[in-house]
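Following: one structure in structure tokens, then a few remarks.
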2 protein chains.
Amino acid sequence: MTSRPVSLRDIAEKLGISVKTVSGALNNNSIRMSEETRERIRTLADEMGYQPNEIARGMRAGVMPIVGLLADGLVTQPFATEILRQFDNLLRSQGLTVIVTSIHSGEHTEKSINELRRLMPQQIVYASMFHQAIDLPEAVRRQISLMLNCFDIHGEIPSLVPDEEFAGYEAATFLLDGGRKRIAYLDLPGLIAGSLRAAGFRRAMSERGETVRNDWLMPATKGALYSDRARSLVKATIEAWFSASEAPDGIICGNDRVAMEVYNSLRRVGRIIPDDVAIISFDNQVDIARRLDPPLTTMALPHREIGRFAGDIVTGRKPIPQGLARIPFRLVERSST
Amino acid sequence: MTSRPVSLRDIAEKLGISVKTVSGALNNNSIRMSEETRERIRTLADEMGYQPNEIARGMRAGVMPIVGLLADGLVTQPFATEILRQFDNLLRSQGLTVIVTSIHSGEHTEKSINELRRLMPQQIVYASMFHQAIDLPEAVRRQISLMLNCFDIHGEIPSLVPDEEFAGYEAATFLLDGGRKRIAYLDLPGLIAGSLRAAGFRRAMSERGETVRNDWLMPATKGALYSDRARSLVKATIEAWFSASEAPDGIICGNDRVAMEVYNSLRRVGRIIPDDVAIISFDNQVDIARRLDPPLTTMALPHREIGRFAGDIVTGRKPIPQGLARIPFRLVERSST
DNA sequence: ATGAAAGCGCTAACAT
DNA sequence: ATGTTAGCGCTTTCAT
């Protein structure tokens with residue numbers, strides 16, 4: 001039994017003035033108007049519980065207070081949702097609604113964009129579950145204003161990505177500073193994150209004059225990491241490393257899931273973390289990292305920061321970055337180092 | 001340089017007929033109209049790439065093709081997102097857009113509903129990250145048509161929840177069928193899921209004439225499970241159980257995260273899974289369950305089923321359930337049993 | 001300073 | 001069977 005919402009006209013009639021005047025008063029246009037009138041109108045609007053009809057507004061403006069988010073795997077694979085959460089919070093506080101559409105690695109992107117467009121969003125943002133390069137057709141590219149956790153291979157769309165290389169550098173530096181010298185690395189094959197983190201690792205090692213042994217920089221899986229036919233090599237690799245005459249005293253794991261397997265394998269070969277081997281990793285997938293025994297030291301992906309930054313850009317509080325903006329990881333120190 | 005989208009009027013002018021006729025043709029109303037005319041109009045509309053303006057439609061109808069979803073922790077805590085994913089997919093296939101608003105255990109619900117309402121959704125659904133009882137004020141209750149993974153304590157709103165009791169029953173039965181007799185249970189204190197699963201466990205045991213030992217039905221944490229000051233009791237409990245003269249040969253873990261701790265603790269007391277102890281759990285949080293060593297047998301939460309069911313209800317393909325509909329879990333057998 | 005009127009794109013009610 | 005009119009709620013001319 002809810003009654004019809006109050007419209008501008010309801011207010012205007014009650015005051016015996018025109019709709020336009022009310023509209024002007026509430027929107028601060030109509031430069032000339034006595035402050036008194038304006039105030040009177042505002043008060044009455046509040047009293048009557050006036051809420052502007054966004055649909056009507058949208059129709060007039062040709063745009064709705066909506067921002068579309070193309071989520072590439074973001075909804076499916078839950079762990080990057082922090083990006084979305086921060087982004088959503090920020091936009092909401094500005095009266096904007098985020099509409100999420102999940103897609104899968106660029107497939108059906110055009111169709112999804114068209115669906116989104118039906119609701120006339122102000123802009124459309126593309127976010128990926130993991131750090132990847134995206135190749136979109138030209139017609140699609142023109143419609144996307146920002147990319148999160150991924151980037152446009154054509155370099156046309158501003159992008160916010162985690163600074164993987166620097167994270168690899170920091171992880172290695174952290175182990176080196178802790179006195180570890182014989183550092184091994186379990187790479188994530190087929191992932192941008194993997195190769196950049198490995199590059200940072202190499203840079204840190206070379207700056208410190210440490211050698212990177214070829215047999216200590218191994219892929220964690222056979223085949224690209226997230227593919228269906230990826231087979232874990234962790235157990236075999238750890239067994240090989242720790243049956244040789246010289247074993248690593250620190251392992252950098254491509255990500256927390258790899259670290260979880262490393263923990264299992266180290267137990268089998270009877271090594272103690274961190275006494276025998278220090279472990280550091282990437283991502284900070286808290287369900288895993290915090291619960292491992294001992295809790296895992298890891299470089300936290302800056303998902304939160306990316307989400308906030310993106311929100312600030314979309315709401316115009318920060319300038320649009322040129323090209324690629326690299327956001328730093330945060331070291332979360334626990335007990336594995 | 002995109003041109004203005006084509007409107008009904010564009011089509012009408014081109015054909016020299018009235019707007020209304022075009023509208024009627026495309027919407028199958030206007031009962032009387034030669035099939036030929038209708039077809040001609042349709043063809044031209046397609047050619048011109050006509051897309052109905054949903055905003056204008058919404059303004060006319062007073063409702064948008066939108067369903068609001070109040071997500072209680074759903075976005076924050078990523079692991080129940082499967083509900084959302086299925087729900088979203090189903091609605092999308094019917095031309096409906098889901099708008100998610102995250103809230104926190106009933107706080108700000110009214111404000112969030114009002115925000116949602118600005119976009120004039122057809123209905124509003126409430127979904128919770130975990131199975132809980134929700135107490136909403138009357139004014140709010142009236143606006144919610146369905147609750148997912150939680151229920152209205154006033155019993156007024158149709159609800160879809162996992163059948164926790166039966167899952168507990170099935171987990172226990174599975175261990176019993178596997179020849180285990182001395183079954184212990186690690187409960188989730190302060191959670192509906194916990195007490196119902198425990199009840200099912202008791203029922204199965206009593207049906208089989210097995211006794212439930214008081215000291216073998218213990219809480220996994222001190223304090224409610226997800227509260228900040230919950231402290232894990234798993235390690236101490238396992239140590240106590242396995243230093244006594246008679247130890248369990250099967251453990252039912254309140255959920256997969258508890259199981260992860262049980263694995264760690266069992267290693268410390270030198271027991272082998274499943275040789276010495278079978279482990280079964282609840283949730284099927286795949287990142288954890290599949291990666292534990294050995295992989296964990298667990299009762300999978302029916303999130304997917306809840307999402308689908310909800311989608312079918314909202315799109316009118318299934319009738320609205322009366323009161324509480326309990327959706328069964330699915331047993332995922334791995335190597336811990 | 002305020003009001004009147006037009007129009008955004010669509011559909012329902014009412015003619016013809 | 002097709003066309004005309006009106007109106008959803010809002011904002012933007014243009015007039016007063």
Side-chain angles (χ1 to χ4, degrees), chain A residues 2-42 44-45 48-66 95 114 117-122, chain B residues 2-42 44-45 48-66 95 114 117-122:
Chain A
T2 329
S3 53
R4 189 175 55 77
V6 286
S7 71
L8 285 187
R9 193 169 46 166
D10 297 332
I11 303 177
E13 277 172 4
K14 206 149 200 163
L15 251 46
I17 60 180
S18 86
V19 174
K20 140 75 187 139
T21 311
V22 181
S23 166
L26 298 176
N27 291 307
N28 282 337
N29 331 352
S30 179
I31 324 262
R32 288 178 280 273
M33 179 183 309
S34 70
E35 256 321 308
E36 194 201 317
T37 318
R38 191 179 294 260
E39 203 40 46
R40 202 158 42 96
I41 294 174
R42 284 228 184 91
L44 182 63
M48 299 177 66
Y50 170 74
Q51 296 273 94
N53 181 325
E54 295 296 345
I55 312 295
R57 270 197 178 167
M59 172 143 132
R60 194 83 237 297
V63 183
M64 291 283 285
I66 283 177
N114 287 338
R117 288 227 140 186
R118 299 189 328 151
L119 296 179
M120 302 197 176
Q122 299 189 337
Chain B
T2 329
S3 54
R4 186 177 54 78
V6 286
S7 73
L8 286 187
R9 191 165 53 162
D10 297 332
I11 302 177
E13 277 173 3
K14 208 150 201 164
L15 251 44
I17 60 180
S18 86
V19 174
K20 145 73 184 129
T21 309
V22 180
S23 166
L26 298 177
N27 291 307
N28 283 337
N29 333 352
S30 178
I31 324 258
R32 288 178 281 274
M33 180 181 308
S34 70
E35 257 319 310
E36 194 202 315
T37 318
R38 192 179 293 261
E39 205 38 48
R40 201 159 42 96
I41 295 174
R42 283 227 184 91
L44 182 62
M48 298 176 67
Y50 170 72
Q51 295 274 95
N53 181 326
E54 295 296 344
I55 312 297
R57 271 195 178 167
M59 172 142 135
R60 197 78 238 297
V63 182
M64 291 285 284
I66 284 177
N114 287 339
R117 288 226 140 189
R118 299 190 327 150
L119 296 179
M120 303 200 175
Q122 300 190 336

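Chain identifiers are assigned alphabetically (A, B, ...) following the order of the sequence lines, protein sequences preceding nucleic acid strands; residue numbering begins at 1 within each chain.
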Nearest 0.5 Å please: distance from the [atom1] atom of [X] over to the [atom2] atom of [Y].
{"X": "A/Lys20", "Y": "A/Leu8", "atom1": "NZ", "atom2": "CG", "value": "11.0 Å"}
{"X": "B/Ile41", "Y": "B/Ile11", "atom1": "CD1", "atom2": "CD1", "value": "8.5 Å"}
{"X": "B/Arg117", "Y": "B/Ile66", "atom1": "CZ", "atom2": "CD1", "value": "13.0 Å"}
{"X": "A/Asn53", "Y": "B/Met59", "atom1": "CG", "atom2": "CE", "value": "7.5 Å"}

[N] OP1/OP2 closer than 4.0 Å to side-chain N/O of [X]:
{"X": "A/Thr21", "N": "C/dG3", "result": "yes"}
{"X": "B/Arg57", "N": "D/dC8", "result": "no"}
{"X": "A/Asn27", "N": "D/dT11", "result": "yes"}
{"X": "A/Arg9", "N": "D/dC8", "result": "yes"}
{"X": "B/Thr37", "N": "D/dT2", "result": "yes"}
{"X": "B/Ser18", "N": "D/dT2", "result": "no"}
{"X": "A/Ser23", "N": "D/dC10", "result": "no"}

B/Val19 vs B/Met59, nearer the 5' end of DNA chain D by closest nucleotide: B/Val19
Could you say whether B/Ala56 or B/Ile17 is positioned toward the 5' end of DNA chain D, judged by the nucleotide with the nearest heavy atom to each? B/Ile17
Nearest whole angstrom, please: distance from the [atom2] of [N] to the [atom1] of [X].
{"X": "B/Lys20", "N": "D/dT2", "atom1": "NZ", "atom2": "P", "answer": "11 Å"}
{"X": "B/Glu39", "N": "D/dA1", "atom1": "CD", "atom2": "P", "answer": "17 Å"}
{"X": "B/Leu15", "N": "D/dT2", "atom1": "CG", "atom2": "P", "answer": "11 Å"}
{"X": "B/Arg40", "N": "D/dT2", "atom1": "CZ", "atom2": "C1'", "answer": "12 Å"}
{"X": "B/Arg118", "N": "D/dG9", "atom1": "CZ", "atom2": "P", "answer": "17 Å"}
{"X": "B/Arg117", "N": "D/dG9", "atom1": "CZ", "atom2": "P", "answer": "15 Å"}
{"X": "A/Glu13", "N": "D/dG9", "atom1": "CD", "atom2": "C1'", "answer": "13 Å"}
{"X": "A/Leu8", "N": "D/dG7", "atom1": "CG", "atom2": "C1'", "answer": "16 Å"}

Under 3.5 Å donor-acceptor, B/Arg118 side chain and A/Gly95 backbone: yes
Determine the contact category for A/Ile55: base if any of its heavy atoms lies under 4.0 Å from a base atom, sugar-phosphate if only primed atoms, P, OP1 or OP2 are that close, otherwise nothing. nothing
Assign A/Arg60 to base, sugar-phosphate, or nothing according to its heavy-atom contacts below 4.0 angstrom with the strands shown. base
